[in-house]
Visitor: 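Before I ask anything, let me first share the structure, which is written out below as structure tokens.
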Amino acid sequence: MANPAAHRARYDRATAHLDAPLAVVDLDAFDANAADLVRRAGGKPIRVASKSVRCRALLERVLAVEGFAGVMSFTLTESIWLARAGFGDVLLAYPSADRSGYAELAADPGLAASVTVMLDDPAQLELIDEAREGGPGTGAEIRVCLEMDTALRMLGGRVRIGARRSPLRTPEELASFAALVQRRPGFRVVGLMAYEGHIAGVGDSLAGRPLRSLAVRAMQSRARAELAERRAAVVRALRQVADLEFVNGGGTGSVESTAAEAAVTEIAAGSGLYQPRLFDNYTAFRGRPAALFALPVVRRPGVGVVTVLGGGYPASGAAGRDRLPQPYLPEGLSYDPQEQAGEVQTPLLGSAADDLLIGDRVWFRHAKAGELCERFDRLHLVQGQRVVDSVPTYRGEGMTYL
């Protein structure tokens with residue numbers, strides 16, 4: 001970050017009329033990150049991942065950027081809410097067991113035309129049919145996207161690298177399931193999703209860990225080659241049984257490599273808009289931190305120590321220090337290893353603490369993107385030296401989905 005002191009002064013000045021804790025999105029950084037994602041996608045449309053944004057106003061803002069098209073949602077209730085709010089192309093990225101949501105979808109042909117659900121198991125078809133008000137096959141046609149397993153398997157399957165998601169892996173398995181869906185009244189296969197989290201969500205340039213970084217790059221190189229070949233074969237097999245409208249792949253960390261695959265028609269991305277700290281560790285791109293939160297100094301326990309209010313906002317995933325928010329501005333602050341980030345208060349250590357007074361702010365970056373919005377009901381949008389708007393997060397609109 002160029003001139004951290006100047007950025008800190010700018011954020012402090014812009015939000016001086018507001019009480020902390022508070023969260024901001026720097027619109028200049030947000031817009032620059034959006035433009036860079038479009039550049040990296042090389043002409044393929046980007047479907048914005050709502051879980052990484054969790055704010056309707058900012059979803060609308062990015063979808064107004066040429067190169068972005070459609071939303072990738074994370075729950076069925078959210079999908080329906082977004083569709084009813086005017087988002088016309090919503091892909092649910094995860095299977096759901098929400099019977100009332102499926103009943104609502106099947107009862108409204110206009111709504112069903114705007115939402116595509118994710119399936120990878122015959123039992124999910126049964127659940128949806130049980131939810132239909134008039135019985136199996138009745139009501140609106142349900143648009144279906146299939147998900148394929150992207151994990152890299154080595155040593156005859158004894159080693160697996162990648163998230164445990166879909167049970168469907170081979171062209172034969174995907175095509176067989178697609179045929180089953182197509183034969184069932186009230187369903188139509190329209191898409192394929194293949195999220196390569198071990199490439200898109202794992203940084204390959206870890207500070208102070210050159211050997212680990214080298215190993216990650218080697219793994220990802222092998223995984224990209226294996227997946228590109230297998231994904232293309234799956235798409236060929238699926239097109240024999242279904243008229244695919246889209247093939248979705250990728251994520252913020254793999255935009256270029258995924259977009260280079262001819263079989264892929266669109267890219268998913270969202271975290272790169274906010275650029276949380278876990279996305280600093282990539283060689284392919286450098287985003288600008290756009291989402292920050294400020295906590296007020298409420299105590300000065302001693303030399304080289306201040307205490308801020310709140311701070312215990314860990315990110316999901318395997319527990320570890322990399323899941324904690326990063327004390328960001330002023331530079332030079334770190335957690336007390338005996339306390340880390342606290343539920344109600346957090347002590348911070350470092351020489352920079354001696355320059356902080358009661359009421360001053362420490363600015364943090366969350367480890368992941370949209371999860372920050374589960375802690376705050378509003379995002380204050382900063383442009384230049386001032387807050388130009390304050391908009392509700394999902395939480396601020398009373399929408400807490402998980």
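Model, not experiment: these values are computed from the prediction. Both backbone and side-chain heavy atoms feed into the values below; hydrogens, waters and symmetry mates do not.
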Visitor: Keeping the roles fixed (side chain from Q220, backbone from V202), state whether a donor-acceptor pair exists under 3.5 Å.
Guide: yes

Visitor: I'd like to know if E245 and R188 make a salt bridge, using a cut-off of under 4.0 Å between side-chain N and carboxylate O.
Guide: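 A salt bridge is present here (some side-chain N lies under 4.0 Å from a carboxylate O).
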
Visitor: Between E133 (side chain only) and A103 (backbone N and O only), is there a donor and an acceptor less than 3.5 Å apart?
Guide: no

Visitor: Is the shortest heavy-atom distance from the side chain of E173 to the side chain of D149 under 4.5 Å?
Guide: no

Visitor: To the nearest 0.5 Å, tell me how far L105 CG sits from L76 CG.
Guide: 6.0 Å

Visitor: Under a 4.0 Å threshold between the charged nitrogen and the carboxylate oxygen, would E374 count as salt-bridged to K51?
Guide: no

Visitor: When you compare the side chains of S50 and S73, does any donor N or O come within less than 3.5 Å of an acceptor on the partner?
Guide: no

Visitor: If you look at every heavy atom in R56 and L82, which pair is closest and at what distance?
Guide: CG-CD2, 4.1 Å

Visitor: Counting only heavy atoms not in R321, do more than 12 fall under 6.0 Å of its CZ?
Guide: no

Visitor: To the nearest 0.5 Å, how far apart are CD in Q275 and CZ in F30?
Guide: 12.5 Å

Visitor: Is there side-chain contact between L192 and L174, with heavy atoms separated by less than 4.5 Å?
Guide: yes

Visitor: Do L273 and V48 make a side-chain contact, defined as non-hydrogen atoms from C-beta onward lying under 4.5 Å apart?
Guide: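 SC-SC contact between L273 and V48 confirmed.
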
Visitor: How far apart are the closest heavy atoms of A353 and L348, and which atoms are they?
Guide: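 Closest heavy-atom pair between A353 and L348: CB-O, 4.3 Å.
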
Visitor: Any chance the side chains of D98 and T77 put a donor and an acceptor closer than 3.5 Å?
Guide: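 Checked: D98/T77 side chains pair up, N/O donor to acceptor below 3.5 Å.
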
Visitor: Is there a side-chain contact between T265 and K44 in this structure, where contact means two heavy atoms from C-beta onward sitting under 4.5 Å apart?
Guide: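 The answer is no; the side chains never approach within 4.5 Å.
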
Visitor: Could you give me the CA-CA distance, side-chain angles and deciding distance for F246 and M193, then say whether side chain to side chain contact (heavy atoms under 4.5 Å, CB included) is met?
Guide: CA-CA 8 Å; F246 63 87; M193 187 184 83; 5.7 Å; no

Visitor: Please report the closest heavy-atom contact between R323 and S316, naming both atoms and the distance.
Guide: NH1-O, 2.6 Å

Visitor: Say you draw a straight line from CG of D360 to CG of D355; how long is it, rounded to the nearest 0.5 Å?
Guide: 9.5 Å

Visitor: Side chain of R47, backbone of G249: donor and acceptor closer than 3.5 Å?
Guide: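 Judged by distance alone, no pair lies under 3.5 Å.
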
Visitor: Just by distance, do the side chain of T346 and the backbone of V308 share a donor-acceptor pair under 3.5 Å?
Guide: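 Checking the backbone N and O of V308 against the side chain of T346, no donor-acceptor pair under 3.5 Å is found.
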
Visitor: Check the pair R143, V115 against side chain to side chain contact (heavy atoms under 4.5 Å, CB included), reporting the backbone distance first and the verdict last.
Guide: CA-CA 7 Å; R143 291 167 52 85; V115 176; over 6 Å; no

Visitor: Taking the side chain from R395 and the backbone from R375, do they hold a donor-acceptor pair closer than 3.5 Å?
Guide: yes

Visitor: Ion pair present between R277 and D280, side-chain N to carboxylate O less than 4.0 angstrom?
Guide: no

Visitor: If we only count heavy atoms from C-beta on, is the R169 to R230 side-chain gap below 4.5 Å?
Guide: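 Answer yes - side chains close enough.
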
Visitor: So, the side chain of E141 versus the backbone of G186: is there a donor-acceptor pair under 3.5 Å, distance only?
Guide: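 No: the side chain of E141 does not pair with the backbone of G186.
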
Visitor: Look at R10 together with D26 and state whether they make a salt bridge at an N to O cut-off of under 4.0 Å.
Guide: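 Result for this pair is yes, salt bridge flagged.
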
Visitor: Does Q124 reach the main-chain N or O of P95 with its side chain, forming a donor-acceptor pair under 3.5 Å?
Guide: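 Not confirmed, Q124 side chain does not pair with P95 backbone.
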
Visitor: Going through the distances and angles, do C145 and N248 end up as a side chain to side chain contact (heavy atoms under 4.5 Å, CB included)?
Guide: CA-CA 10 Å; C145 179; N248 182 282; over 6 Å; no

Visitor: Answer yes or no: is there a donor N or O on one side and an acceptor on the other, between the side chain of R300 and the main chain of L356, under 3.5 Å?
Guide: yes

Visitor: Any side-chain heavy-atom pair from V25 and V391 closer than 4.5 angstrom?
Guide: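 The answer is no; the side chains never approach within 4.5 Å.
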
Visitor: So which atom in I199 and which in S254 form the shortest heavy-atom distance, rounded to 0.1 Å?
Guide: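 Smallest interatomic distance, heavy atoms only, reads CG2-CB, 3.8 Å.
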
Visitor: Are the side chains of M118 and L91 in touch, meaning some heavy atoms are under 4.5 Å apart?
Guide: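 Yes, side chains in contact.
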
Visitor: Are the side chain of D120 and the backbone of P167 linked by a donor-acceptor contact shorter than 3.5 Å?
Guide: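 Here the side-chain-to-backbone pair does not exist.
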
Visitor: Should we say atom CZ of R299 is surrounded by more than 12 heavy atoms from elsewhere, each under 6.0 Å from it?
Guide: no

Visitor: Could you tell me the separation between the NE2 atom of H380 and the CG atom of L292, rounded to the nearest 0.5 Å?
Guide: 12.5 Å

Visitor: Less than 4.0 Å between a side-chain N and a carboxylate O, is that true for D36 and R286?
Guide: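 Judged by the 4.0 Å cut-off on N to carboxylate O distance, R286 and D36 do not form a salt bridge.
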
Visitor: Which pair of non-hydrogen atoms, one from T283 and one from R217, has the smallest distance, and what is that distance?
Guide: CG2-NH1, 4.1 Å

Visitor: Using a strict threshold of under 4.0 Å (side-chain N to carboxylate O), is an ion pair present between R40 and E256?
Guide: yes

Visitor: Report the C-alpha distance between L127 and R99 in whole Å, list the side-chain angles of each, state the deciding distance to 0.1 Å, and finish with yes or no for side chain to side chain contact (heavy atoms under 4.5 Å, CB included).
Guide: CA-CA 7 Å; L127 187 146; R99 290 177 172 82; 3.8 Å; yes

Visitor: Do the side chains of Y274 and S52 get nearer than 4.5 Å, heavy atoms only?
Guide: no

Visitor: Which class fits the ring pair W363 and Y11: parallel under 30°, tilted 30 to 60°, perpendicular over 60°?
Guide: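 Taking Y11 first and then W363, their aromatic rings sit tilted (interplane angle of 30° to 60°).
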
Visitor: Between CG of D121 and CD of E147, what distance do you get to the nearest 0.5 Å?
Guide: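 Spacing of CG (D121) from CD (E147) equals 12.5 Å.
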
Visitor: Measure from the side-chain N and O atoms of S176 to the backbone N and O of E172, and report whether any donor-acceptor pair falls under 3.5 Å.
Guide: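 Absent.
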
Visitor: Show your working on side-chain hydrogen bond (donor to acceptor under 3.5 Å, both in side chains) between R361 and T15 and close with a plain yes or no.
Guide: CA-CA 10 Å; R361 290 165 183 179; T15 62; 2.6 Å; yes

Visitor: Does Y313 have its ring centroid less than 6.0 Å away from the ring centroid of F364?
Guide: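 No, ring centres 6.0 Å or more apart.
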
Visitor: Does a side-chain N-to-carboxylate-O contact under 4.0 Å join R61 and D389?
Guide: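 So R61 does not pair with D389 through a salt bridge.
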
Visitor: Mind listing the closest non-hydrogen atom pair of G272 and T252 along with its distance?
Guide: N-OG1, 2.9 Å

Visitor: When rounded to the nearest 0.5 angstrom, what distance separates CG in L119 from CZ in F177?
Guide: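 These two atoms lie 5.5 Å from each other.
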
